[in-house]
Amino acid sequence: MSVGILYCIENIESNERRLNKMETSCLVIVLLTLGSVYCDSVFKSIPVTVKSYEHDSVLLPCYIHDTDVDIRVRWYKGETLLGDSRDPHHLLPPRTRLHANYSLEIDDLTADDTAQYTCEVIRPKPWGPIKQIHAIEVQSSPVIRTIPEDGFLEVKKGEFVDIGCEASGTPQPFVTWRKNGEPMALLEHRHRIKFKAEHRLLAGVFRCTAENGVGDPATADIRVIIHDAPVVSAVRSFVHTAVGLRAALAARVEFAAPMPRTTWYRDGRAVHTDDRIHRVVQDNVHQLIFRRVQARDLGNYTFRAENALGMADVSFKLTGVPNVASFKVDPALNRATSTGFTLIWEVDSYSNIIEYNLWLRPYYGRLATEPDSFTTQPPANLWHKIIVPGDSSDGPIHSATYTVRGLTPSTVYEAIVTSRNSFGWSKPSSILHFATEPGAGNYSPVTHDYNDYPIVLEDPKEAHNLTQAMVTYGSGSAVQPAAILISVVNFIVIGTF
Ligand SMILES: *[C@@H]1O[C@H](CO)[C@@H](O)[C@H](O)[C@H]1NC(C)=O
Ligand SMILES: *[C@@H]1O[C@H](CO)[C@@H](O)[C@H](O)[C@H]1NC(C)=O
Ligand SMILES: *[C@@H]1O[C@H](CO)[C@@H](O)[C@H](O)[C@H]1NC(C)=O
């Protein structure tokens, strides 16, 4: 409207010398009321902004008061002349009509019809031309153009990610974002996102949604990939096998952008593959498969993934030693008496189990660590080893039952088992906690009631230091040494676990 007023004022000034009385009075009003009255005094129609939808029809008026005067009307879209009432040869654009009463009709609107439309009235001299400006806003549903246009961006770690969604539509849509399906907490409805690719986990699928209340929201995805060193893990790092069997080492490539070069190593040298030892890659799992294991295959292996940004290793052990044994917890079978307890365990081994070591000690719970908390003298909480003979079965599953005797009544014990076959010793099992029944003369060092003490398997991560047991072996113990088979010789150090 202000543009329209300007036109009116300019027009008056250029024709100042020829102004008649009526227009002079109008000019006064223009100066006092910012001009709208002047234009309105000539135009019967008022400037309009038409908000409508695609495929609608719109009629823009151009009516003036003084209908006796012979006038000529031109219509403009922006600066472009659309039609001229005196020039029938000037062809109107499609879907556009200029009516006898000078109104302009546009049918079957499209988003492109959104514009300002000016009606110019040319009157006989001495009057100059006057203009009235209308606008059409074709309400259109949002359309998105992504930055980058193909919706795919790859950057190196440390570089900047710059993505965006330019949304068009009428009215102007607002943009919201999700990353990997989660809403992003952005302060404003920004259409551009910039950040430093400091970590590969900042990568993902960024989805923008543009909404303006017209039609359905528009969405677009931008996949951002951040290049970094690979990340690998072992599906299983300790692989139990035996000569003549099929065995497979499997590494998982957790992250690989750009695609890494992958190699299997044995003692620092790339593994030579052939008919018997071959590689299989399925999705992100890389396997080294031994069709028939030979004794010389046993050992340490490394899988390495390497790209321009770094490398990652993961270690494997192909071994014939038994898997970690597991205690069976079954109250019907784990018979407890006041001085004895029956333990049951199972172990996987493709070769005979030569022997088991059952480690046992009274359980006092975890010692308090607070300096001023109430503690009794810490007990010499020592492991005692019982050698249990193996079996002659071929396996692969071996089970063993052993009844420990000579225990103290009403006492909680903890137990660990290790197994040995011709390849060596397994790693220690999880810890089993169990309690003996109350006896006739209760001489338990602990006064709790262990009548209903549950049999508990403890997390192996908490396992105890067997090395330490060896060092301090022999000082006092709550377990009756005479009653338990204790081997002082051949005390095998299992190592840390
Ligand atoms: C102008 O003409 C169009 C088309 O005939 C009509 O629809 C419209 O009502 C007319 N306007 C006036 C004010 O008569
Ligand atoms: C395999 O690796 C372990 C450490 O993980 C090491 O103690 C052992 O000596 C290695 N074995 C061989 C054959 O290199
Ligand atoms: C186990 O105990 C030994 C002997 O006290 C000690 O040298 C070793 O560091 C301990 N290991 C762990 C994992 O605590």
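Basis for what follows: all heavy atoms, side chains included, without hydrogens, waters or symmetry-related copies. Every number for a ligand or one of its atoms is a count from 1 in the order of the listing.
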Show me a pair-per-line table, with atom names and distances to 0.1 Å, of protein N or O atoms that are under 3.5 Å from an N or O of ligand 1.
from     : atom 1 : to     : atom 2 : distance (Å)
ligand 1 : 2 (O)  : Asn101 : OD1    : 3.1
ligand 1 : 2 (O)  : Asn101 : ND2    : 2.4
ligand 1 : 11 (N) : Tyr63  : OH     : 2.8
ligand 1 : 11 (N) : Asn101 : ND2    : 2.8
ligand 1 : 14 (O) : Asn101 : ND2    : 3.4

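Contact of the Ser426 side chain with the Val347 side chain is not registered, since no non-hydrogen atoms from C-beta on lie closer than 4.5 Å.
Checked by atom type, the side-chain pair Asp112/Thr110 shows no donor-acceptor distance below 3.5 Å. Ser233 and Glu254 are linked by a side-chain donor-acceptor pair at a separation below 3.5 angstrom, with hydrogens and angles left out of the test.
Checked against a 6.0 Å centroid threshold, the rings of Tyr301 and Phe290 count as neighbours.
The disulfide (SG to SG under 2.5 Å) analysis of residues 96-125, with sequence neighbours excluded, yields the pairs Cys62-Cys119.
In summary, Asp87 and Arg74 do not engage in a salt bridge, as defined by a charged side-chain N under 4.0 Å from a carboxylate O.
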